[in-house]
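Atom set for the values below is all heavy atoms of this structure, side chains included, hydrogens, waters and symmetry mates excluded. If you're wondering where the values come from, they're calculated on a predicted model, not measured in any experiment. Lettering of chains follows the sequences in order, A, B, ..., and the numbering in each one begins at 1.
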Amino acid sequence: MNYGQIIADAVSDVFSTMLMMEVSPQDACDQSLLSIPAGASGMLGFSGDVAGMLTIHCPEAVALGITCGFLGMEVNEIDDDVKDAIGELVNMVAGGLKDGLARQEREIKLAIPTTIAGRSFRISSKSDVGHLCLPFDMEAGRFYIELKYK
Amino acid sequence: MDLAKIITDATQEIFKTMIMVEVTPGEPTKENGQKHYCTVSGMVGLAGLFKGMIAIHAPDEVAKSITSSFLGMDVDEVNEDVTDAIGELANMLAGNAKMALSQNGKDITLSIPSTICGEEYTISCAIDTDRVVMPFAMEPGKFMVELQVEKQE
C-alpha cells in the first residue's frame, strides 16, 4: 500500500481546490517523534480495515498562513479560528485518504478532528506501529503530515 | 445518554483493576480546549456509530505515579514508558466506554492511541460535540478524563 502517494495526492488536492495554494511534497523523513516549538497540530483517528492516526503538524507561521487562505483574512495569533481551520484541514486530508484507500478496496471510518495548540509539545505513539512522515513546503514554510497505522 | 456516568464507571474500573488504585470522581464540566501545563495526555479516536474521542490528561507527577503502578517499577521522568502507559490507558478507557456507548461495543471501532506531552498546550475538538470532562482525585494529585462525541441528531 503506497500511503505516501495517497497522502501527497490528498494534500495537493485540498490545497489547490480549497486554499488555492501550491504545496510541494518533499522526501519522507523517518523522524518518529516530532517536536514542534510553537504551533498547531490537527489530529484525526480512524479505524476499519486499517486503524491509525493522521496528524498535520504546522509551525505557527504555517498555521496562520493556512487559516488566512481558508478565511481570506489576516490572523496574527493561534486563536479559535486557527484551531478550527487546522482541524478542518486534517478532516479534508483524511477524507482524501479515505477515498484513496477505498479505491484500493480498503475501508476506513473517521473519528472527529481535534486540534492541539501550544508552545512546546510533542506527540508520540507506541513504536510498534507503522509510521510515515511527509514534509510539505509552502510559501509560509514547511509543515509535516504524519501517518501512524496498524 | 449520561456521558459523565460512562466516564466515571470506565475510569474507576480500569484504575481499580489495572492500577490497583481507587479514584474519586469530582464535578463534571463541559469545557472544550482547556489549557494543560506540564501534562501527559493520551487520546484515542472513536469511529462508527459514534464518532468522537476519549482522552486522559495527567499532570507529569500523576502520570509518573500511574506508570509506576502500572508497570511495577519506579519512573523518574516523563519518558517513553510514561507516554506508552498513558496511551495504553486511554486505549483501555476507550475500550470500556465503547461497550457503554453501544450494546456490546458493536459498531464502534477505535483508532490507535496517541500521546501528547509538553509544557503548555490545548486540545480542542474542531466540530460541535457533546462532551464531558471529569476530574478524578488519586494519591499524588488530580487527573481528568474527557469524552467528546459528535452531536447526535
Among [options], single out the residue with the greatest number of heavy-atom pairs under 4.5 Å to chain A.
{"options": "B:Cys117, B:Gly87, B:Ser41", "value": "B:Cys117"}
{"options": "B:Met43, B:Lys35, B:Met53, B:Gln148", "value": "B:Met43"}
{"options": "B:Gly45, B:Gly48, B:Cys125, B:Gly118", "value": "B:Cys125"}
{"options": "B:Ser111, B:Gly42, B:Ala47, B:Ala55", "value": "B:Ser111"}

What I want to find out is whether [X] reaches [Y] closely enough, with some N-O distance under 4.0 Å, to be called a salt bridge.
{"X": "B:Arg131", "Y": "B:Glu146", "result": "no"}
{"X": "A:Arg103", "Y": "A:Asp99", "result": "no"}
{"X": "B:Glu61", "Y": "B:Lys64", "result": "yes"}

Winner by heavy-atom pair count (cut-off under 4.5 Å) against chain B, out of [options]:
{"options": "A:Pro113, A:Gly48, A:Gly45", "answer": "A:Pro113"}
{"options": "A:Ala85, A:Ala51, A:Gly52, A:Gly42", "answer": "A:Gly52"}
{"options": "A:Ile116, A:Asn91, A:Asp80, A:Asp84", "answer": "A:Ile116"}

Side-chain H-bond candidate by donor/acceptor type, B:Thr115 with B:Thr83, under 3.5 Å
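Distance-only check fails for B:Thr115 and B:Thr83.
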Contacting moiety of [X], where chain A heavy atoms sit under 4.5 Å:
{"X": "B:Leu110", "value": "backbone"}
{"X": "B:Ile116", "value": "both"}
{"X": "B:Thr129", "value": "side chain"}

At what distance, to the nearest 0.5 angstrom, does CG of B:Asn96 lie from CD of B:Glu13?
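So the gap between those two atoms works out to 5.0 Å.
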Less than 4.5 Å apart, any side-chain heavy atom of B:Val82 and any of B:Ile86?
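Yes. Closest side-chain heavy atoms under 4.5 Å.
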With heavy-atom distances below 4.5 Å as the criterion, would you say the side chains of A:Tyr144 and A:Thr55 are in contact?
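Answer no - side chains too far apart.
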